[in-house]
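So the structure is just underneath, and the comments pick up after that.
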Amino acid sequence: QHNYDLKVGGKLGYRRRYGVYTTWMRELKEYLAARVRAGRHPEFLQRYIGLVETDIGLGLAVGKVTDRSGALARTLEETIWDIGFTPHLRAQLDELFRKVTELDIATNDISPRNIVCAWTEALGDHLVMIEGIGVKTFIPVASFGRWANSYTNNRHFARTRRSCAKHQRVYLQKHPQ
């Protein structure tokens, strides 16, 4: 049993030979590259704090991402279900894509489920990616150059926008105008 600081969340690993640890290494590698390029922590990425030993195995401690009330930030998917894919959320997603492109961050599994709607005093409302960075293909095409990574990220964010549009259609069915 471990007591963690309330500002720290966590991702727990499973007892497989490498499994989830491979994913962590991929994410950590891309996070560190983004920090070096930005010269600081990129506010649109979840903060990685370190590895911790827990009673069920190794865990990856990450920064807690919260909403305006201090509760855990809701996913973009949950937010769209509640309020729809508003022009404000669209603009925030476009801004997130711009920032990812600017820092040349490789993405792999971007979806409305791994982007959260966060709030901080310094930034106000903004989106934060909590997973889905790093190259996970056997042949790391996205790492061949900025153009290859840009092409891959364009595909991933296009898929995310389509998913958001699908959730918007569900929202409109439940909340007719």
Side-chain angles (χ1 to χ4, degrees), residues 2-13 20 23-24 26-52 54 59-134 136 149 152-154 156-168 170-171 175:
H2 293 279
N3 294 322
Y4 294 105
D5 184 317
L6 292 177
K7 293 188 182 286
V8 177
K11 296 181 181 183
L12 296 176
V20 74
T23 300
W24 291 352
R26 180 184 321 119
E27 288 183 6
L28 285 168
K29 180 179 173 186
E30 198 64 31
Y31 175 72
L32 291 172
R35 276 195 72 116
V36 168
R37 288 183 202 117
R40 59 178 171 66
H41 165 71
E43 71 280 352
F44 59 91
L45 293 179
Q46 183 171 40
R47 185 180 302 272
Y48 290 83
I49 296 170
L51 300 174
V52 294
T54 72
L60 178 60
V62 295
K64 183 177 177 183
V65 183
T66 59
D67 63 14
R68 187 179 294 269
S69 69
L72 282 178
R74 298 181 64 202
T75 66
L76 180 57
E77 179 181 67
E78 293 167 330
T79 303
I80 293 171
W81 289 342
D82 269 359
I83 65 170
F85 194 36
T86 64
H88 181 68
L89 285 175
R90 288 174 204 271
Q92 285 184 321
L93 186 60
D94 290 343
E95 178 66 8
L96 177 64
F97 176 64
R98 187 192 65 72
K99 290 176 180 178
V100 165
T101 302
E102 185 178 280
L103 284 182
D104 195 30
I105 295 171
T107 63
N108 61 59
D109 184 29
I110 301 301
S111 80
R113 290 182 179 168
N114 57 28
I115 298 171
V116 296
C117 299
W119 183 87
T120 61
E121 197 158 325
L123 299 171
D125 292 321
H126 61 285
L127 298 180
V128 174
M129 292 173 49
I130 58 171
E131 288 183 328
I133 62 173
K136 75 176 187 178
N149 189 43
T152 303
N153 286 346
N154 282 334
H156 293 161
F157 273 91
R159 184 179 62 222
T160 300
R161 286 186 189 98
R162 286 191 304 273
S163 182
C164 288
K166 181 182 80 172
H167 293 307
Q168 172 70 1
V170 171
Y171 168 80
H175 304 90

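With values rounded to the nearest 0.5 angstrom, Ile110 atom CD1 is found 7.5 Å from Asn153 atom CG. If you take CD1 on Ile105 and CZ on Phe44, they are separated by 3.5 Å, rounding to the nearest 0.5 Å. Expressed to the nearest 0.5 Å, how far OH of Tyr48 lies from NE2 of His41 amounts to 10.0 Å. Taken to the nearest 0.5 Å, the CZ atom of Arg113 stands 12.0 Å off from the OG1 atom of Thr160. Note that SG of Cys117 is 8.5 Å distant from NE2 of His88, once rounded to the nearest 0.5 Å. Considering CZ of Arg35 and CG of Leu103, their distance stands at 12.0 Å, rounded to 0.5 Å.
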Step-by-step side chain to side chain donor-acceptor pair (under 3.5 Å) determination, His126 to Trp119: CA-CA 6 Å; His126 61 285; Trp119 183 87; over 6 Å; no
Residues Leu45, Ile133; criterion side-chain contact (heavy atoms from CB on, under 4.5 Å); working and verdict: CA-CA 9 Å; Leu45 293 179; Ile133 62 173; 4.0 Å; yes
Working for side-chain contact (heavy atoms from CB on, under 4.5 Å), residues Asn108 and Arg26: CA-CA 10 Å; Asn108 61 59; Arg26 180 184 321 119; 4.0 Å; yes
Step-by-step side-chain contact (heavy atoms from CB on, under 4.5 Å) determination, Ile115 to Thr75: CA-CA 6 Å; Ile115 298 171; Thr75 66; over 6 Å; no
Trace of the side-chain contact (heavy atoms from CB on, under 4.5 Å) decision for Leu60 with Leu51: CA-CA 5 Å; Leu60 178 60; Leu51 300 174; 3.8 Å; yes
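For the pair Arg90/Phe85, a side-chain contact is recorded, criterion being any heavy-atom separation below 4.5 Å from C-beta on. Between Thr107 and Asp109, every side-chain heavy-atom pair lies at or beyond the 4.5 Å cut-off. Taking the side chain as every heavy atom from C-beta outward, Leu89 and Leu76 approach each other to under 4.5 Å. Residues Met129 and Gln46 are not in side-chain contact: their nearest non-hydrogen atoms beyond the backbone lie 4.5 Å or more apart. Taking the side chain as every heavy atom from C-beta outward, Leu96 and Phe157 approach each other to under 4.5 Å. A 4.5 Å side-chain heavy-atom check between Phe97 and Asn154 finds at least one atom pair inside the cut-off. In this structure the side chain of Lys99 never reaches within 4.5 angstrom of the side chain of Pro42, judged on heavy atoms. Annotation: side chain of Ile80 is not in contact with side chain of Ile83 (no heavy-atom distance under 4.5 Å).
Judged purely by atom type and a 3.5 angstrom limit, Asp82 has no side-chain atom pairing as donor or acceptor with the backbone of Thr79. The backbone N or O of Glu131 sits nowhere less than 3.5 Å from a side-chain atom of Glu27 that would complete a donor-acceptor pair.
For the pair Arg40 and Glu43, the salt-bridge criterion is met [side-chain N within less than 4.0 Å of a carboxylate O]. We find that Glu95 and Arg98 are joined by a salt bridge, their nearest charged nitrogen and carboxylate oxygen being less than 4.0 Å apart.
A cation-pi arrangement is not found for Arg47 relative to Tyr31, the charged atom failing to lie both closer than 6.0 Å to the ring centre and inside a 45° cone about the ring normal.
Heavy atoms only, all atoms of each residue included: Leu93 and Arg161 are closest at CD2-CG, 3.9 Å. The two residues Ala118 and Ala73 come nearest to each other via the heavy atoms CA-CB, 4.2 Å.
The local environment of CZ in Arg74 is crowded, with over 12 non-hydrogen atoms from other residues, nucleotides or ligands closer than 6.0 Å.
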